[in-house]
Trainee: 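Next up is a structure, given as structure tokens.
Scope of the values below: all heavy atoms of this structure, side chains included, with no hydrogens, waters or symmetry mates.
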Amino acid sequence: MFSKLPRSALPRTVARSRFISSTPSRNSDALFVHRDTPYNNPKIAFEFDAENMKRAQDIISHYPPQYKKAAVIPLLDLGQRQNKGWTSISVMNYVANLLGMPPMRVYEVATFYTMFNREPIGEHFVQVCTTTPCQLRGSTEILNTVCEHLGGIKPGQTTKDGKFTVVEVECQGACSNAPMIVVGDDFYEDLTPKSTKTILDAFKKGMKPKPGPQSGRQTSENSAGLTTLTKKPYGPGEFCQPEFQ
């Protein structure tokens, strides 16, 4: 009833009051705060194997000694790959020690970039892009197909056999070939529900389907066929004024 009155006309106590609304609490701290578990705690030893240590030293050598901390992202990625696809607290502590960094600085990187998985994942990590270009091309149907074909799991969950983990992600950078998914490091593009099931079935059988467009086109070529560069390109100096030839 006070909404139409000028502020100066309101009683002093009313003018100073704040109308506060609250929303349900979210356990968002799970994204940032580490909590020890039987499978993820500092007592679980981790160190690079001989091959990865050699790779780590090579990566570090690309930076001046005083800036070797710049190698934190590639080293965390290396540790995640060795640790079956996820970055545990032990991986973070090991990288911090190797680079001579405060552990907190490594935690900040690992919690900021979504490329680092803070929880264990399945053997096949399926990332379904649902950003606008993919959504306009049917990514919702692709996401539903993936989840249903893998036993009715939801995004963020892992199948009971530990073979697949499915997540919904933002742009993967293959917008012209939407809709698409990423499995491991490979892109599968131009998807339909049928081709999506075929890809998943291949992984279930221990096979690796060929990455790239699943529609038959090469890379990102026009689906209508070649429409440009259909003639021999101009040679040096052609169609120039004589003085420029």
Trainee: Given 3.5 Å as the limit, does a donor-acceptor pair link the side chain of Asn93 with the main chain of Pro103, or not?
Mentor: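 Absent.
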Trainee: Give a yes or no on whether a salt bridge exists between Arg105 and Glu108, defined as a side-chain N under 4.0 angstrom from a carboxylate O.
Mentor: yes
Trainee: For Asn177, run the side chain to side chain donor-acceptor pair (under 3.5 Å) check against Gln214, Gln172, Glu189 and tell me which one passes.
Mentor: Glu189
Trainee: For the pair Asp77 (side chain) and Ile73 (backbone), establish whether a donor and an acceptor sit closer than 3.5 Å, ignoring hydrogens and angles.
Mentor: no
Trainee: May I ask you to decide if Ile44's main-chain N or O and Ser90's side chain share a donor-acceptor pair within less than 3.5 Å?
Mentor: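 At least one qualifying donor-acceptor pair exists.
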Trainee: Specify the closest pair of heavy atoms between Pro42 and Asp36, including all atoms of both residues, with the distance to one decimal.
Mentor: CD-OD1, 3.3 Å
Trainee: Verify the neighbour count for atom CG of Asp49: are there more than 12 heavy atoms of other residues, nucleotides or ligands below 6.0 Å?
Mentor: yes
Trainee: Just wondering, more than 12 heavy atoms not from Glu141 lying within 6.0 Å of its CD?
Mentor: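 No, not enclosed.
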Trainee: Check whether more than 12 heavy atoms from other residues, nucleotides or ligands sit under 6.0 Å from atom NZ of Lys69, and answer yes or no.
Mentor: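 For Lys69, atom NZ is not crowded (no more than 12 foreign heavy atoms under 6.0 Å).
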Trainee: Write down the atom of Leu200, the atom of Phe164, and the distance for their closest heavy-atom approach.
Mentor: O-CZ, 3.9 Å
Trainee: Is the number of heavy atoms from other residues, nucleotides or ligands under 6.0 Å of Arg217 CZ greater than 12?
Mentor: yes
Trainee: If the test is side chain to side chain contact (heavy atoms under 4.5 Å, CB included), which one of Ile59, Val109, Val106, Val91 qualifies with Leu75?
Mentor: Ile59
Trainee: Can you give me the closest heavy-atom contact between Tyr94 and Met53, atom names plus distance?
Mentor: OH-CE, 2.9 Å
